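Letters A, B, ... are given to chains in the order of the sequence lines, protein chains preceding strands, and every chain is numbered from 1. Because the structure is a prediction, the values reported are computed rather than measured.
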2 protein chains.
Amino acid sequence: MRKAKVLAGNQLFEIDFSGAEGGRTGDGETLAQAAYRALRVDIIRGVRPPGERLRIEKLKTIYGIGPTPLREALQKLSSDRLVVTEGNRGFTVAPLDPTEFHDLNMARTAVEKETLRLSIANGGNDWEAKVVAVSYIMKKEDQALMAARDGVPDSWEQANAAFHAAMVAACGSRWLLKIRTDLHDLCERYRRASVYQKLGTRDLQSEHQAISEAVLDRDAEGACVLTEQHFKLTAAALSDQTADPAS
Amino acid sequence: MRKAKVLAGNQLFEIDFSGAEGGRTGDGETLAQAAYRALRVDIIRGVRPPGERLRIEKLKTIYGIGPTPLREALQKLSSDRLVVTEGNRGFTVAPLDPTEFHDLNMARTAVEKETLRLSIANGGNDWEAKVVAVSYIMKKEDQALMAARDGVPDSWEQANAAFHAAMVAACGSRWLLKIRTDLHDLCERYRRASVYQKLGTRDLQSEHQAISEAVLDRDAEGACVLTEQHFKLTAAALSDQTADPAS
DNA sequence: TCCTGCTTTATTATCGACAAAATTTAAAAA
DNA sequence: TTTTTAAATTTTGTCGATAATAAAGCAGGA
């Protein structure tokens, strides 16, 4: 709790600043946690490119945080497999390896399908309503994306994440959802790196709509097939680009 | 590399002590990594019971490691969900919650089935040979377990882990295997805590044999059903015990 | 002259001791 | 009994020292 004691008139007031923060450091949050979040988004968003060496001295000046919290954050990130560390050789942003992505995408697809099946089996009315809601947003964002010229807006990324998250939200296992989210974040780094040139050739709006329709129809296997295809197209676009720099 | 230069006769020898260690610190390994491993096994094995507060001062004297590496280890363990940390309130061994276990077991079963399907589809001759080998060991350990009176020997735990790991080894995704291993370790803590009184009522040898036969027959669905049942029996034994302390 | 291998140097990562912030406990006052 | 204040413990962060690794320099041999 961030408190302050203020003497006014003859009275001593205690003021609680919780939630009044400008949204930068966060209250009651450890510097290590702040460093973790900041580094995490920077790595996923590509601000810290794959393979970059993460020297404590540099990070110290960049983030304005001491070495100890930074080390703790880097350790956690290495658990997430977003940074790699070896012996006494410091930390590095995990490299992007097409083989690794193939593996990762396979795992992600498998988990996504399983959560989808469970979610369709267990979901109630409130879940259905949420699916309808995110589908509505997704449709608008997909249309905006087709018109967009310069890259992919962050709002589309968020909508896409929320869309797929909503489909599986009712799966009933917090653990499966956590694993799914982790894999999603890991994949996002690969996607951000290169996919977006090929977006024009896909009809994302139709893909998303077909998925949400199958979900609302409680057609588990149909939804799984569509989602698998959806992921596969993204993965293929990435593979083409990394393996085929000539064409 | 832990090396030493030795002058003998007129010759200079360089001796490498790798692997000659007493098994305590390890060579080239960071103290943080050593602390992580030590704490991890202690938590999984129940040496540090659930809910125990992990005060740095105490750990410092117990493991003979300074505060900084310990903090880094604890951060990584909190990523693994083996310890929990909140704000500025230190670290605690993650509590055992029956609901949490139910969730965890569901996730584990789902991942195990998926890896099993993939493994059966992709496995080659060498994999089959490995399956035969671990099944042979497992049979002997199961028989020894039936005769054992005082708890479960560590060798059985290892054999059991190796048995199930071998079944899914050929699944083709390092990521799925990593997730599977993590979930397995998490569950082991619950199992160690309480299951073992009910072992007498189960025929583990038959269960394991049925699984390995289905796997070798490439009967993916059969193997999945058997494995699911296998896990469910363990989970049920645990739930009975925690929910039913009266009977 | 060029290459190979070792030694030296410098950079960097890791660790432990100290200090500051926060929380919990305890005690006192309303 | 409840609230408030103060003390003590604990957690967190900064800093400097140590140890390890990578790079540069140097000698010896081809």
Worksheet entry | Whole-Å gap separating P (C:dT11) and CD1 (A:I56) | 18 Å

Fill in: Neighbour count above 12 (heavy atom, 6.0 Å) for A:K178 NZ
yes

Discussion item. Heavy-atom nearest nucleotide on DNA chain D for A:K60 versus B:E86: which residue maps closer to 5'?
Written reply: B:E86

Worksheet item: Do B:D80 and B:Y36 have a side chain donor and acceptor closer than 3.5 Å?
Response: yes

Worksheet item: Is B:R55 near enough to D:dT11 that one of its side-chain N or O atoms lies under 4.0 angstrom from OP1 or OP2?
Response: yes

Discussion item. Looking only at the side chain of A:N88 (C-beta and beyond, no hydrogens), which of the listed nucleotides D:dT11, D:dA20, D:dG13 gets closest?
Written reply: D:dA20

Worksheet item: To the side chain of B:R71, which of D:dC15, C:dG16, D:dT12 is closest?
Response: D:dT12

Discussion item. What's the closest nucleotide to the side chain of A:P67 if the choices are C:dT14, C:dG16, D:dC15?
Written reply: D:dC15

Worksheet item: Side chains of B:S155 and B:E141: do they bring a donor and an acceptor to under 3.5 Å?
Response: yes

Response to the item:
Taking D:dG13, D:dT11, C:dT14 as options, the one with an atom nearest any side-chain atom of A:L31 is D:dG13

Worksheet item: Can you tell which of C:dG16, D:dT12, C:dA13 lies closest to the side chain of A:T30?
Response: D:dT12

Item to complete: Indicate whether OP1 or OP2 belonging to C:dT12 is found under 4.0 Å from a side-chain N or O atom of A:R53.
Response: no

Practice prompt. Identify whether NZ of Lys or CZ of Arg in A:R53 sits under 6.0 Å from the centre of the six-membered ring of A:F91 and within 45° of that ring's axis.
Written response: no

Discussion item. The side chain of A:A32 is closest to which nucleotide in this list: C:dA17, C:dT23, D:dG13?
Written reply: D:dG13

Discussion item. Looking at B:R89, I'd like to know whether one of its side-chain N or O atoms comes within less than 4.0 Å of OP1 or OP2 on C:dT24.
Written reply: yes

